[in-house]
Structure formats: structure tokens, C-alpha cells
Amino acid sequence: MSLLCVTSLSKSFGGVSAIRDLSFTIAAGTIHSIIGPNGAGKTTLFNLITGVYMPSGGSVRFDGREVGGLEPHRLAALGMSRTFQNLQIFHNMSAVENVMVGAHLHLERGLAASLLRLPSLARSEAATRVRCVELMEFVGLGAWRDAEASAMSYGALKRLEIARALAARPRLLLLDEPAAGLNDTETREVDEVIKRIAAQGITVVLVEHDMKMVMGISDHILVLDYGAKLAEGTPAEIRANAAVVAAYLGNGG
């Protein structure tokens with residue numbers, strides 16, 4: 001069953017076509033990677049899917065519902081969450097508080113409860129904190145549960161951002177270059193986190209340049225070139241595709 005269906009999607013900035021007549025589907029419960037050379041349109045595609053950009057044309061359907069151009073907070077409420085290529089961390093907050101930001105849609109938000117600090121609000125916040133600590137442990141950050149975000153390494157912050165995205169309880173999680181800037185050990189840690197997320201039934205879509213990671217964890221791969229689909233298929237099919245090798249992977253891919 002398709003969880004995400006993109007049909008004839010396009011996006012232009014002035015006279016430049018960043019995404020051109022792009023169509024693909026993402027099956028529920030899979031790990032789907034999007035690859036391509038720099039400037040191929042990968043992050044633009046993520047921004048179109050997650051409501052950061054309004055499409056110039058075409059359709060984005062999430063679980064059968066048209067969502068193209070829907071605001072990011074409304075998409076989050078429907079079950080779509082993402083991370084960003086550049087870290088979006090609140091360094092003046094603790095690690096667990098950063099994760100709790102991702103859970104704000106599920107907190108009790110009644111005006112009276114907030115103004116009067118009713119016990120129900122305190123219980124909701126306490127339960128959320130417990131859940132967010134569990135998410136930190138899930139991504140391998142249990143040792144940082146009481147730390148300030150400013151004290152954490154870059155690799156740990158990458159996983160903290162994933163934990164925050166998971167706090168929104170997504171059905172579809174989009175990860176924009178989760179291994180960018182990481183060493184081999186940190187990349188393996190992120191690799192294992194993604195596998196654990198998928199094992200829980202959450203559909204994962206990632207943009208990533210680390211081909212070893214992509215080929216090792218993906219069920220399906222979409223290759224972009226100049227905003228259009230160059231190829232798609234299983235890792236084995238992509239490895240054997242001469243056009244992909246020429247455009248992106250290279251002879252050593």
C-alpha cells in the first residue's frame with residue numbers, strides 16, 4: 001500500500017525548474033532513499049513534500065489525502081515529520097527539552113489548564129518527559145538524558161534531532177542527510193537507528209550521500225538528476241544502472 005504518492009510534481013524558482021514532472025510512490029513500512037548529484041533537487045523535493053515550499057504543479061498525496069502546499073504543522077498533525085540538512089537544535093535548552101519540543105502537538109494545550117497550571121497539565125508534561133527520555137534511549141542517547149544540548153557532540157546532536165522528530169509520533173519520517181559530517185562510527189550508529197525506526201513500522205525516506213548506508217538499508221531508491229527522475233528500483237537495480245553510475249555513483253559506487 002502506498003503511503004505517499006507524488007504525481008507530476010514540479011517546482012520553479014523564477015525561470016529555473018528545480019523539480020520537473022516528478023512521479024513516484026512510497027510504500028508503507030519501507031526505507032526509501034533519494035539520491036542524486038549536488039543540485040539534483042533532493043532537498044527541494046523534501047521541502048515540497050513537507051510543506052516548506054508550495055508546488056508549482058502536480059500532486060502530493062499522503063495516505064490518500066492531497067497535502068501539496070499544506071502547512072508543516074498540519075502535516076505533522078497528520079503524521080509526517082522530518083529532520084533538516086543543517087541542525088535545528090535549541091542550544092539553550094537541555095537535550096530532553098529539545099526532544100519534548102517535537103511532542104508539543106500531543107501535549108494538553110487548554111488555556112485554562114495552562115493559566116491555572118492544573119494537575120492534568122503537570123501530568124501530561126511529566127508523561128511527555130518520560131516518553132522523550134525513552135526516545136533518547138532508543139536512539140542511543142540515554143547517557144545524555146540530563147545534559148545540555150550545547151555540551152553534546154555533533155554526531156549526538158544528529159541523533160537528538162531524530163529523537164525529536166520521533167516525538168511527533170510520525171507515520172512517515174523524512175531524514176535530510178542524517179549522516180552528513182559524521183565519522184564512520186557515528187554513521188553506523190545512525191544506520192542502526194534508522195533500522196530500528198523502520199522495524200517499528202514507521203516509513204522512512206532519506207536523502208543521503210553516503211552510498212554505503214543507502215545501499216545497505218534501503219528497500220527502494222529514487223535517483224534524481226536536474227530535478228527529474230533518472231532511475232528508481234532496488235539497491236541491486238540501481239547499482240547495475242549504467243545511467244546512474246555515469247551520473248552519480250561513479251565506477252567505484
* Which atoms form the tightest heavy-atom contact between Met152 and Glu148, and what is the distance? -> CG-O, 3.7 Å

* To do: Examine Leu70 and Leu45 and state if one hydrophobic cluster contains both, with Ile, Leu, Val, Met, Phe, Trp and Tyr joined whenever side-chain heavy atoms are less than 4.5 Å apart.
  => yes

* Nearest-0.5 Å distance, CD1 of residue Ile35 to CD1 of residue Ile238 -> 6.5 Å

Side chains of residues 187-194: which donor-acceptor partners sit under 3.5 Å, not counting sequence neighbours?
unit_1	atom_1	unit_2	atom_2	d
Thr187	OG1	Asn183	O	2.9
Arg188	NH2	Thr185	OG1	3.3
Glu189	OE1	Arg159	NH2	3.1
Asp191	OD1	Lys195	NZ	3.3

* To do: Examine Ile31 and Ile49 and state if one hydrophobic cluster contains both, with Ile, Leu, Val, Met, Phe, Trp and Tyr joined whenever side-chain heavy atoms are less than 4.5 Å apart.
  => no

* How close do Cys132 and Val96 get, heavy atom to heavy atom, and via which atoms? -> CB-CG2, 4.0 Å

* With no hydrogens and no angle check, do the side chains of Thr50 and Arg82 hold a donor and an acceptor under 3.5 Å apart? -> yes

* **Backbone N/O of Gly57 and side chain of Ser10: donor-acceptor pair under 3.5 Å** => yes

* Is it true that a side-chain atom of Ser2 and a backbone atom of Cys5 form a donor plus acceptor pair closer than 3.5 Å? -> no

* Asked: So do Ser23 and Val6 actually touch side chain to side chain, heavy atoms under 4.5 Å?
  -> no

* Is there side-chain contact between Ile197 and Gln200, with at least one heavy-atom pair below 4.5 Å? -> no

* To do: May I ask whether Leu22 and Leu174 are part of the same hydrophobic cluster, defined by side-chain heavy atoms of I, L, V, M, F, W, Y residues being less than 4.5 angstrom apart, directly or through others?
  => yes

* Would you name the heavy atoms of Leu141 and Ala156 that are closest together and state the gap between them? => CD1-O, 3.5 Å

* Side chain to side chain, Leu160 and Val139, heavy atoms closer than 4.5 Å -> no

* To do: Report the distance from atom CG of Leu230 to atom CG of Leu222, rounding to the nearest 0.5 Å.
  => 9.5 Å

* Cut-off 3.5 Å, side chains only: do Thr43 and Gln85 have a donor facing an acceptor? -> yes

* To do: Please name the pair of heavy atoms, one in Glu161 and one in Asn86, separated by the smallest distance, quoted to 0.1 Å.
  => OE2-O, 4.4 Å

* **Arg164 side-chain N/O to Gln88 backbone N/O, donor-acceptor pair under 3.5 Å** => yes

* To do: Ignoring hydrogens and angles, tell me if any N or O in the side chain of Ser218 forms a donor-acceptor pair with the backbone of Met215 under 3.5 Å.
  => no

* Asked: Does Lys229 come within less than 4.0 Å of Glu232, counting only side-chain N to carboxylate O?
  -> yes

* With no hydrogens and no angle check, is any side-chain donor or acceptor of Thr234 less than 3.5 Å from a backbone partner on Glu237? -> yes

* **Which residues share a side-chain contact (heavy atoms from CB on, under 4.5 Å) with Val130, sequence neighbours left out** => Glu134

* Nearest heavy atoms of Ala163 and Val99, plus distance in Å -> O-CG1, 3.7 Å

* From CA spacing to verdict: side-chain contact (heavy atoms from CB on, under 4.5 Å), Thr83, Ile162 -> CA-CA 7 Å; Thr83 64; Ile162 294 173; 4.2 Å; yes

* **Check: Phe46 ring centroid to Tyr53 ring centroid under 6.0 Å** => no

* State, with a plain yes or no, whether a side-chain heavy atom of Asp225 is found less than 4.5 Å away from one of Pro37. => yes

* Is the shortest heavy-atom distance from the side chain of Ile89 to the side chain of Asn98 under 4.5 Å? -> yes

* Structure fact -> Rounded to the nearest 0.5 angstrom, the CG-CD1 distance for Asp176 and Ile34 is 9.5 Å

* Asked: For the atom pair CG (Leu166) and CG (Leu135), what is the distance rounded to the nearest 0.5 Å?
  -> 6.0 Å

* If Ile, Leu, Val, Met, Phe, Trp and Tyr residues are connected whenever their side-chain heavy atoms lie under 4.5 Å apart, and connections chain through other members, are Leu206 and Leu157 in the same group? -> yes

* Asked: Counting distance only, does the side-chain N/O of Arg129 pair as donor-acceptor with the main-chain N or O of Met100 below 3.5 Å?
  -> no

* To do: Measure the CG-CG distance between Leu9 and Asp21 for me, rounded to the nearest 0.5 Å.
  => 9.0 Å

* Report yes or no: do Leu173 and Val205 belong to one cluster of Ile/Leu/Val/Met/Phe/Trp/Tyr joined by side chain heavy-atom distances under 4.5 Å? => no

* **Candidate pair Leu172 and Ile202, rule side-chain contact (heavy atoms from CB on, under 4.5 Å), full reasoning** => CA-CA 6 Å; Leu172 176 65; Ile202 298 171; over 6 Å; no

Anything under 3.5 Å between a donor and an acceptor, one on a side chain of residues 58-66, the other on a protein residue two or more places apart or in another chain? List them.
unit_1	atom_1	unit_2	atom_2	d
Ser59	OG	Glu66	OE1	2.5
Arg61	NE	Gly64	O	3.3
Arg61	NH2	Gly64	O	2.2
Asp63	OD2	Arg171	NH1	2.8
Glu66	OE2	Val60	N	3.3
Glu66	OE2	Gly68	N	3.0

* **Min side-chain heavy-atom separation Glu97-Phe90 under 4.5 Å** => no

* Is Arg196 positioned over the aromatic face of Phe138, cation under 6.0 angstrom from the ring centre and no more than 45 degrees off axis? -> yes

* Expected output: side-chain Lys11 to main-chain Leu48 donor-acceptor under 3.5 Å -> no

* Criterion side-chain contact (heavy atoms from CB on, under 4.5 Å) on Lys158 and Leu87, from CA distance to verdict -> CA-CA 7 Å; Lys158 280 280 194 175; Leu87 285 173; 4.1 Å; yes

* Give the intermediate values and the outcome of side-chain contact (heavy atoms from CB on, under 4.5 Å) for residues Thr128 and Arg131. => CA-CA 5 Å; Thr128 298; Arg131 170 59 178 154; 5.6 Å; no

* Asked: Which distance, rounded to the nearest 0.5 Å, do you find between the CE of Met80 and the CG of Leu3?
  -> 7.5 Å

* Asked: More than 12 foreign heavy atoms under 6.0 Å from CZ of Phe24: is that the case here?
  -> yes

* Which pair of non-hydrogen atoms, one from Ser81 and one from Pro170, has the smallest distance, and what is that distance? -> CB-CB, 3.6 Å

